[in-house]
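A short write-up of the structure that comes next.
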Amino acid sequence: MTESCIRSVVEAIHSSPFQAVLHLAGGASQVVGSLLSVPGASNTVLEVVVPYSKMSLIQLLGKIPSQFCGQQTAEDMALLAYNRALKLSKPGSPAVGVGFTGSLASSRPKLGEHRFYMSTRTADQLWISSVTLTKGLRTREEEDRVSSHLLIKAIGNACKVPGASVLLLSESDVSDECETQFNEDQQLEQLINGQICFKIYPFENEISAERKIIMPGSFNPLHDGHLKLMDVATRICGDGYPCFEISAVNADKPPLSVSQIKDRIKQFEKVGKTVIISNQPYFYKKAELFPGSAFVIGADTAVRLINPKYYDGDYNKMLKILVGCKETGCTFLVGGRNVDGAFKVLLHKQRAFLIVIFVSKFSVSEAILWFDGRFLTILMFQKN
């Protein structure tokens, strides 16, 4: 592939809606320069991580791999990168995870083969390739160039970009690749099993804001009250992308089945509202998953959120978790609820950081509560 050919592939990648996280170890270093040197890189590249030392790779994977340079390691790196891309990407933008691990020519002669493994992961596809280079045929820089160009082509394929022909390998080089497609049921099974962190269904027509306004719930069924509360929350937040969220995994009940999840998704498709399916039932985990978001919850949920009973009775544990949520930049919008014939709102002067909305038939009151380390400050507004 010539430099002009590489550039044209990179330009096409940047013009695609895909956003990517790359995990690279042991080679393909020129990929970073190729992607970042072409205008539009911020459309595509979310993050590049280079776990070059063994300890760095162990920490990334959360385990000691059976082979530091191996097919399973590349696949694991790509899956981690994909989940990271899901968290960092704009709402509705398809995510790509890229994994690369190589053992190329070095300053000392190698007893083993010069080889590398590449993997890309998207919502519906896993692609893996292994390449064994002929020893002594190329310098380290040339081997790095070969691996970089092949990985650029792989990223292009993952982004649905027509690939250019690659004539970089010699007849003595050995390459192999395999591809696995995932249907929707398989994707949801992977989510339930914890392989992927969430799946978004962007049924909303326009997606302009990066900040999410998230209303978690079971939505069994979705009703007009949910939609109206989300409309109020969206108006108050101003700039935000409204998303409903269902956790397939429940803290106290068995996980939802794939068929149950799909039935609930259909409700949102009918009304043209975006829904996220996650596997995190706890709010502090949701905050880690969706940093900077505003969560829309009911007053009853808010009371549980700031009740030590739900933190093993440990007040300090509750405080630590809530501070962690605050540090992610998340806020909470709380809607009043009709409980046993009485309209319940959040009036408890407990330490927390919340943005509280009281919704009634005639007016909307906002109370902004935040944590300053020891004391709770309450500001009240009235909107007719």
Side-chain angles (χ1 to χ4, degrees), residues 21 46-47 59-63 76 79-89 91 95 97 123 187-201 210-220 233 240-256 260-261 264-265 274-298 300-334 350-355 370-371:
V21 168
L46 297 168
E47 185 175 84
Q59 290 190 13
L60 176 72
L61 298 174
K63 64 181 181 180
D76 291 344
L79 182 59
L80 287 167
Y82 174 69
N83 278 305
R84 179 68 173 161
L86 283 175
K87 297 176 184 179
L88 298 178
S89 59
Q187 293 173 47
L188 292 173
E189 286 286 0
Q190 291 169 358
L191 187 146
I192 294 168
N193 295 334
Q195 292 176 266
I196 59 174
C197 56
F198 69 85
K199 180 174 174 60
I200 186 167
Y201 291 82
E210 291 192 28
R211 186 192 187 202
K212 298 182 182 76
I213 303 169
I214 299 175
M215 181 187 292
S218 59
F219 304 110
N220 187 29
Y241 179 57
C243 304
F244 295 86
E245 185 254 352
I246 300 172
S247 176
V249 178
N250 193 292
D252 305 312
K253 303 174 185 177
L256 297 175
Q260 287 175 316
I261 295 171
R264 297 188 194 185
I265 290 169
T274 292
V275 62
I276 298 170
I277 310 300
S278 81
N279 54 18
Q280 295 297 345
Y282 299 109
F283 273 101
Y284 73 96
K285 288 294 186 180
K286 294 181 193 289
E288 293 173 3
L289 202 56
F290 308 111
S293 298
F295 288 97
V296 185
I297 59 178
D300 53 341
T301 301
V303 169
R304 293 195 297 271
L305 186 67
I306 52 179
N307 187 338
K309 172 185 174 181
Y310 297 96
Y311 302 85
D312 302 321
D314 189 332
Y315 180 83
N316 289 327
K317 179 180 179 181
M318 178 193 78
L319 218 57
K320 183 178 180 180
I321 288 174
L322 291 177
V323 169
C325 290
K326 178 178 184 289
E327 290 173 348
T328 67
C330 290
T331 54
F332 291 86
L333 290 77
V334 182
Q350 294 147 316
R351 296 182 181 95
F353 54 96
L354 299 166
I355 296 177
W370 71 87
F371 205 169

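What you see is a predicted model, and the numbers here were worked out from it, not measured in a lab. Along the sequence shown, residues are numbered consecutively beginning with 1.
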Problem set entry | Under the side-chain contact (heavy atoms from CB on, under 4.5 Å) test, residues paired with K63 that sit two or more places apart | L61, D76

For this session: Could you give me the CA-CA distance, side-chain angles and deciding distance for R84 and E47, then say whether side chain to side chain contact (heavy atoms under 4.5 Å, CB included) is met?
Result: CA-CA 9 Å; R84 179 68 173 161; E47 185 175 84; 2.9 Å; yes

Problem set entry | Flag side-chain contact, heavy atom, 4.5 Å: I297 against P216 | yes

Exercise. Is a side-chain donor or acceptor of R211 paired with a backbone partner of G292 at a separation under 3.5 angstrom?
Worked result: yes

Exercise. Looking at NZ of K87 and SG of C197, how far apart are the two atoms once the value is rounded to the nearest 0.5 Å?
Worked result: 5.5 Å

For this session: Could you grab the distance from atom CE of M318 to atom CG of L305, nearest 0.5 Å is fine?
Result: 8.5 Å

Exercise. Taking C-beta and beyond as the side chain, do V21 and Y82 meet within less than 4.5 Å on heavy atoms?
Worked result: no

Exercise. Could you state the interatomic distance from CZ (F290) to CZ (F283), rounded to the nearest 0.5 Å?
Worked result: 11.5 Å

For this session: For residues K212 and S89, report the shortest heavy-atom separation together with the two atoms involved.
Result: NZ-O, 4.3 Å

Exercise. If every non-hydrogen atom of P281 is compared with every non-hydrogen atom of K286, which pair is closest and at what distance?
Worked result: O-CE, 3.9 Å

Exercise. Which value, rounded to the nearest 0.5 Å, describes the distance between Q190 atom CD and L79 atom CG?
Worked result: 8.0 Å

For this session: Heavy atoms only: give me the nearest L333-A294 pair and the separation to one decimal.
Result: CD1-CB, 3.5 Å

Exercise. Going by atom types only, do T274 and Y201 share a side-chain donor-acceptor pair under 3.5 Å?
Worked result: no

Exercise. Shortest non-hydrogen contact from F219 to R264?
Worked result: O-CD, 4.0 Å

For this session: Give, for atom CD1 of I214 and atom SG of C243, the distance between the pair rounded to the nearest 0.5 Å.
Result: 6.0 Å

Per-pair distances, 0.1 Å, donor-acceptor, side chain in residues 246-253, under 3.5 Å, sequence neighbours excluded:
unit_1, atom_1, unit_2, atom_2, d
S247, OG, V249, N, 3.3
S247, OG, V249, O, 2.5
S247, OG, Q280, N, 3.4
N250, OD1, D252, N, 2.8
N250, OD1, K253, N, 3.3

For this session: State, with a plain yes or no, whether a side-chain heavy atom of L322 is found less than 4.5 Å away from one of Y311.
Result: yes

Seminar exercise, completed: S278 and L289 have their tightest heavy-atom pair at CB-CD2, 4.1 Å

Exercise. Is there a side-chain contact between D312 and K317, using heavy atoms and a 4.5 Å cut-off?
Worked result: yes

For this session: State, to 0.1 Å, how close N83 and Q195 come at their nearest heavy-atom pair, and which atoms those are.
Result: ND2-O, 2.9 Å

Problem set entry | Side chain to side chain, T331 and F295, heavy atoms closer than 4.5 Å | no

Seminar exercise, completed: With I277 as partner, the option from L191, I196, L256 fulfilling side chain to side chain contact (heavy atoms under 4.5 Å, CB included) is L191

Problem set entry | Atom pair CG/CD1 of D314 and I321 - distance to nearest 0.5 Å | 8.5 Å

